[in-house]
**Q** 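The structure follows.
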Amino acid sequence: MQQYFIEQAPTYDEAERKARAKYGERLTILMHETVKIPGGFLNLFSREGVKIAGIIPKLGKGVQAREPGAREPSIREFIPSQEPSQPREHRVAREPLGFVEEKERILAMAKAGKDNAIKEVLAEVKTIKEKLETQGLASSREEHPTLNRIDDVLILNDFPPSYRKTLLDRIRKEISLDGLEDYNAVQDRVLEWIGESIRIHDSAAFKIRPRVMVLVGPTGVGKTTTIAKLAANFGIDDMGHHKRRIIMVTIDAYRIGARQQLETYSSVMEFPCYAVGDYDELKKLMAMNAEGTDLFLIDTIGKNPRDMVQLGEMKQLLDAAGSQAEIHLALSASTKASDLTEILRHFECFNYRSVIVTKLDETIRTGNIIGALAEKGKAVSYITNGQKVPTDIQRAQVIQFLINLEGFRVNRIKLEDRFPPTGNEHMQKWS
């Protein structure tokens, strides 16, 4: 009886080597295919590999089985050699008796199996198509020009694919085919839906004293400048007089440039500024100055969001600020959507209450930030629009994101009625 074999490995050559090592050189490989090979912890992770299949011909007449440990006979010992005088290109190895018939039978079975699989897939596709058509989601509707135009505008604004899909699915669900003929009406609805997806953080203001605000985030997003803007807006009135006692703190005690920048701001505004290096120093500083202080503003070291060790160390230090501390994650509006998602995820360990969107002036598209925040369910507290202190900061408003979208017809009056300003914090005039 003919013997069959199946072997798999990361590459074709490795699978062939394994097969020949197990079953001998006389095996013949009939077919191969790409497969997923389980691996990693508890086989939870798979990788690309190759599976080969074939047959091991029966031993020819007069050939005896191998003894354990004996040398595997070469395939040449089973195949009569060609005449030496015959040119190399015309020498053809003869296959053992019965091999050709067996090979053809296996190939025919494999082909029949493939044909059956294709028929099953086609039947499945037909069933799905029929279900879609009965639900009013035929392929003709998928290609409606209004849907294509809306998707193009969303792509123009750098909205992530999953966010675009959600909006397009909502259009298909809530707007009829006749309604799709009015593009302007559809885009007005879409703009409102985008506004609904933007969450604004409900600030606790100064109900608790001292209020503690901590800014965390990657390097280069403008945390120190944002700390200075918040200090100026919360601590100095329009006449230039102090209205609250504010203490500015940096935990970046070793990076001289960052410390000097914050000290310069504090000197101009005449607010105290301290640098701390560990948990105990921060705990002691806040305990000694809690009485009579309205607000602690804590600047942190810019961290690589993928360095979980550094993030964990900073998290332990910031625990000294107490459970009432407001952690705000600073994000640059110009960061691409995929990176935003990673940053939001990696800084989850800080339990940040909201996001401060910085550098809105450095980009003409806001779909990336809107989409990333919506998918993570995060709220926005403040947005900054330049480097000027104290003017280039504003309490976050939905309208500010919507008017920056390209390709949409923005009716500002209507949208401001739909999304009125929230919060009662007074900020300096927006420049």
Side-chain angles (χ1 to χ4, degrees), residues 201-217 222-256 258-302 313-330 350-356 358 381-382 384 389-396 423-428:
H201 176 63
D202 185 13
S203 174
F206 287 86
K207 297 178 181 178
I208 300 175
R209 281 183 168 77
R211 184 181 181 185
V212 181
M213 295 181 68
V214 183
L215 262 65
V216 298
K223 294 187 297 295
T224 302
T225 304
T226 303
I227 286 280
K229 293 174 182 177
L230 291 171
N233 278 278
F234 289 142
I236 300 175
D237 62 22
D238 293 336
M239 303 299 295
H241 302 135
H242 286 182
K243 58 182 179 180
R244 293 187 179 97
R245 184 170 186 266
I246 294 176
I247 291 181
M248 304 167 72
V249 183
T250 177
I251 68 170
D252 200 349
Y254 304 103
R255 196 160 65 93
I256 304 302
R259 179 176 176 177
Q260 287 181 339
Q261 184 183 13
L262 195 64
E263 287 177 342
T264 299
Y265 284 130
S266 67
S267 177
V268 171
M269 292 183 282
E270 298 181 350
F271 289 135
C273 181
Y274 300 93
V276 298
D278 56 37
Y279 177 96
D280 293 333
E281 286 186 14
L282 180 58
K283 190 79 172 177
K284 182 178 179 180
L285 172 67
M286 296 186 67
M288 292 177 61
N289 293 277
E291 188 67 29
T293 298
D294 295 300
L295 174 64
F296 285 98
L297 285 169
I298 303 177
D299 189 16
T300 61
I301 310 168
E313 292 173 349
M314 190 166 73
K315 172 66 169 60
Q316 288 183 329
L317 191 159
L318 291 175
D319 285 343
S323 59
Q324 298 296 324
E326 303 173 28
I327 311 294
H328 298 259
L329 174 61
F350 291 94
N351 298 318
Y352 54 92
R353 294 191 182 185
S354 75
V355 170
I356 296 178
T358 65
S381 51
Y382 301 94
T384 72
V389 178
T391 55
D392 291 343
I393 189 170
Q394 188 184 58
R395 177 102 176 109
N424 55 7
E425 293 173 342
H426 173 71
M427 308 296 285
Q428 301 287 340

**Q** May I ask you to decide if L215's main-chain N or O and T300's side chain share a donor-acceptor pair within less than 3.5 Å?
**A** yes
**Q** Show me the donor-acceptor pairs, under 3.5 Å and distance only, between side chains in residues 265-279 and residues at least two apart or in other chains.
**A**
from	atom 1	to	atom 2	distance (Å)
S266	OG	L262	O	3.4
S266	OG	E263	O	2.8
D278	OD1	D280	N	3.2
D278	OD1	E281	N	2.8

**Q** Within this structure, what is the CZ-CZ distance for the pair R209 and R211, rounded to the nearest 0.5 Å?
**A** 9.5 Å
**Q** Would you find a donor on one side and an acceptor on the other, under 3.5 Å apart, between the side chain of K229 and the backbone of D392?
**A** yes
**Q** Treating R395 as the side-chain partner and S381 as the backbone partner, does any N or O pair qualify as donor plus acceptor under 3.5 Å?
**A** yes
**Q** Can you tell me how far CE of M248 sits from OG1 of T224, rounded to the nearest 0.5 angstrom?
**A**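 The CE atom of M248 is 8.5 Å from OG1 of T224, to the nearest 0.5 Å.
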**Q** Going by side chain to side chain donor-acceptor pair (under 3.5 Å), name the residues that satisfy it together with K283, two or more places apart in sequence or in a different chain.
**A** none
**Q** With no hydrogens and no angle check, is any side-chain donor or acceptor of D294 less than 3.5 Å from a backbone partner on I246?
**A** no
**Q** Is N233 reaching over with its side chain to a backbone N or O of P390, donor-acceptor style, under 3.5 angstrom?
**A** yes
**Q** Does a side-chain heavy-atom distance below 4.5 Å link V355 with H328?
**A**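 No, side chains not in contact.
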**Q** What is the distance from atom CG of L317 to atom CD of E313, rounded to the nearest 0.5 Å?
**A** 9.5 Å
**Q** For a side chain to side chain contact (heavy atoms under 4.5 Å, CB included) with I327, tell me which candidate from I298, V214, V212 qualifies.
**A** V214
**Q** Mind checking ring-ring contact (aromatic ring centres under 6.0 Å, His included) for F350 and listing every partner two or more places apart, or none if nothing turns up?
**A** F347
**Q** Who pairs with M239 by side chain to side chain contact (heavy atoms under 4.5 Å, CB included), at least two apart in sequence or on another chain?
**A**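 Counting only residues at least two positions away or on another chain, M239 forms a side chain to side chain contact (heavy atoms under 4.5 Å, CB included) with D237, H241.
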**Q** K284: which residues meet the side chain to side chain contact (heavy atoms under 4.5 Å, CB included) condition with it, sequence neighbours left out?
**A**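 Side chain to side chain contact (heavy atoms under 4.5 Å, CB included) check on K284 returns M288.
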**Q** Could you state the interatomic distance from OG1 (T226) to CG (D299), rounded to the nearest 0.5 Å?
**A** 9.0 Å
**Q** Please report the closest heavy-atom contact between P210 and T293, naming both atoms and the distance.
**A** CB-O, 3.2 Å
**Q** Show the nearest heavy-atom pair for residues K223 and A330, with the distance to one decimal.
**A** CG-CB, 3.9 Å
**Q** Hey, does the side chain of R244 reach the backbone of F234 with a donor-acceptor pair shorter than 3.5 angstrom?
**A** yes
**Q** What's the spacing between I356 CD1 and H201 NE2 if we round to 0.5 Å?
**A** 9.5 Å
**Q** In Å and rounded to the nearest 0.5 Å, what is the CD1 to NE2 distance from I236 to H242?
**A**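 It comes to 4.5 Å.
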**Q** Do Q261 and T225 touch side chain to side chain, with heavy atoms closer than 4.5 Å?
**A** yes
